[in-house]
Q: 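Take this structure, written in structure tokens, and hold onto it; I'll ask about it next.
Heavy-atom basis, side chains included; hydrogens, waters and symmetry copies ignored.
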Amino acid sequence: MVFSFAHRHATPNSQIQTFPRMGAGREVSISLDGVRDKNLMQLKKLNLALFPVRYNDKYYADALASGEFTKLAYYSDICVGAIACRLEKKEGGGQVRVYIMTLGVLAPYRGLGIGTKLLNHALDLCSKQNISEVYLHVQTNNEDAINFYKKFGFEITETIQNYYTNITPPDCYVLTRYTVPSTTKK
């Protein structure tokens, strides 16, 4: 099965990071770009390639509504990864927390720091906006994802039986990271 991902050019809101990789003397850039109506199909194609579940219209509406918390990652102008978040109000108060709906990088591009760049982007936004809780669900057998998030201070805070309906195992862990909001001097 072949997936085609459109190239794109840097926009004023893109963040570009250059890495000396992929052969002698050739630099490769990794950039992040926001998700908008005009490039939403990129996120949909990535999700089809990366995840065993199909996402509904609410997922994509939440991703668009999260603004800067949802990003596409480009490797030399090829869309290869994404993070999609949802902003939620915490129960019993006006505080906001971030739910990472999906974070994924196409297999040939893993290990190049792309997932780290996507997650750090979201965590940095949380710090700047004084959001102290970030959480996500991970299938209990997804050791790579669990270990990845633990490197960033996430901890397993709950196990939910039969969370997933059409994949095995159906159980998931809730991974949560609590942070102390930054205090900026004015």
Side-chain angles (χ1 to χ4, degrees), residues 5-6 8 10-17 30-75 79-106 109 113-139 142 145-146 148-149 151-155 157-158 160 163-164 172-182 184:
F5 294 96
R8 65 113 190 126
T11 64
N13 294 329
S14 301
Q15 299 173 357
I16 297 177
Q17 184 173 3
I30 296 172
S31 61
L32 302 185
D33 198 10
V35 176
R36 300 170 291 285
D37 285 328
K38 72 176 189 173
N39 64 4
L40 186 62
M41 189 52 67
Q42 292 296 318
L43 181 60
K44 290 181 179 185
K45 285 182 181 181
L46 279 169
N47 286 346
L48 278 172
L50 289 168
F51 302 112
V53 293
R54 298 295 155 250
Y55 294 97
N56 59 23
D57 290 341
K58 182 181 181 334
Y59 165 96
Y60 293 102
D62 287 344
L64 286 169
S66 78
E68 287 294 304
F69 282 93
T70 295
K71 290 286 188 181
L72 296 172
Y74 293 85
Y75 180 87
C79 187
V80 298
I83 186 169
C85 299
R86 178 174 66 223
L87 304 179
E88 302 177 343
K89 291 257 190 213
K90 288 172 89 168
E91 293 176 21
Q95 283 192 310
V96 173
R97 67 181 180 172
V98 171
Y99 174 60
I100 299 175
M101 298 187 294
T102 54
L103 168 61
V105 176
L106 295 173
Y109 300 92
I114 298 167
T116 294
K117 186 172 176 71
L118 287 163
L119 183 56
N120 277 333
H121 170 80
L123 296 176
D124 289 346
L125 281 176
C126 289
S127 178
K128 289 175 185 167
Q129 296 183 25
N130 292 324
I131 297 171
S132 61
E133 183 181 345
V134 182
Y135 77 105
L136 59 124
H137 296 94
V138 175
Q139 198 173 9
N142 192 343
I146 294 163
F148 173 78
Y149 288 109
K151 287 192 300 188
F152 293 88
F154 284 82
E155 297 177 1
T157 53
E158 186 180 355
I160 301 174
Y163 179 78
Y164 299 106
C172 80
Y173 293 128
V174 176
L175 274 71
T176 307
R177 175 181 155 153
Y178 297 99
T179 57
V180 178
S182 65
T184 7

Q: Taking all atoms of both residues into account, what is the closest heavy-atom pair of Tyr99 and Leu136, and its distance?
A: CE1-CA, 3.7 Å

Q: Answer whether the closest heavy-atom distance between the side chains of Leu119 and Phe148 falls below 4.5 Å.
A: yes

Q: Would you say the side-chain atoms of Asn39 pair up with the backbone N or O of Arg36, donor to acceptor, closer than 3.5 Å?
A: yes

Q: By ring pair (Phe, Tyr, Trp, His ring centres under 6.0 Å), which residues pair with Phe69, not counting sequence neighbours?
A: none

Q: Work out which heavy atom in Ile114 is nearest to a heavy atom in Ala73; give both atom names and the distance.
A: CG2-CB, 3.5 Å

Q: Output all residues satisfying side chain to side chain donor-acceptor pair (under 3.5 Å) with Arg86, sequence neighbours left out; order by chain, then residue number.
A: Glu88

Q: Yes or no on side-chain contact (heavy atoms from CB on, under 4.5 Å) for Cys79 and Tyr74, after CA distance, side-chain angles and deciding distance?
A: CA-CA 4 Å; Cys79 187; Tyr74 293 85; 3.6 Å; yes

Q: By side chain to side chain contact (heavy atoms under 4.5 Å, CB included), which residues pair with Val174, not counting sequence neighbours?
A: Tyr135, His137, Thr157, Glu158, Ile160, Thr176

Q: What are the two closest non-hydrogen atoms of Leu106 and Ala49, and how far apart are they?
A: CD2-CB, 3.9 Å

Q: For Lys151, enumerate each residue passing the side chain to side chain donor-acceptor pair (under 3.5 Å) test, keeping only those at least two apart in sequence or located in another chain.
A: none

Q: With sequence neighbours left out, what residues match Lys44 under salt bridge (charged side-chain N to carboxylate O under 4.0 Å, His left out)?
A: none

Q: Given Ile30 and Lys117, is the side-chain contact (heavy atoms from CB on, under 4.5 Å) satisfied, shown in steps?
A: CA-CA 9 Å; Ile30 296 172; Lys117 186 172 176 71; 3.7 Å; yes

Q: At their closest point, which heavy atom of Val105 faces which heavy atom of Gly115, and how far apart are they?
A: CG2-N, 3.7 Å

Q: Is there a donor-acceptor pair closer than 3.5 Å between any side-chain N or O of Arg177 and the backbone N or O of Leu175?
A: no

Q: Which residues pass the side chain to side chain contact (heavy atoms under 4.5 Å, CB included) test with Asn120, sequence neighbours left out?
A: Thr116, Leu123, Phe152

Q: Any side-chain heavy atom of Lys71 sitting closer than 4.5 Å to one from Leu118?
A: yes

Q: Walk me through whether Tyr149 and Leu103 qualify under side-chain contact (heavy atoms from CB on, under 4.5 Å).
A: CA-CA 11 Å; Tyr149 288 109; Leu103 168 61; 3.3 Å; yes

Q: With sequence neighbours excluded, what pairs up with Glu133 under the side chain to side chain donor-acceptor pair (under 3.5 Å) test?
A: Lys90, Arg97

Q: Closest approach of Leu32 and His121, non-hydrogen atoms and distance?
A: CD1-CB, 3.8 Å

Q: Identify the heavy atoms of Leu50 and Gly104 that sit nearest to each other, and give their distance.
A: CD1-C, 3.6 Å

Q: Just to verify, what does Ala63 make a side chain to side chain contact (heavy atoms under 4.5 Å, CB included) with, not counting sequence neighbours?
A: Leu43, Thr70, Ala84, Met101

Q: Quick test of your reading: applying salt bridge (charged side-chain N to carboxylate O under 4.0 Å, His left out), list the pairs with at least one residue in residues 46-59, sequence neighbours left out, ordered by first then second residue.
A: Lys58-Asp62

Q: List in chain and number order the residues that pass side chain to side chain donor-acceptor pair (under 3.5 Å) with Tyr60, two or more places apart in sequence or in another chain; answer none if no residue qualifies.
A: Asn47

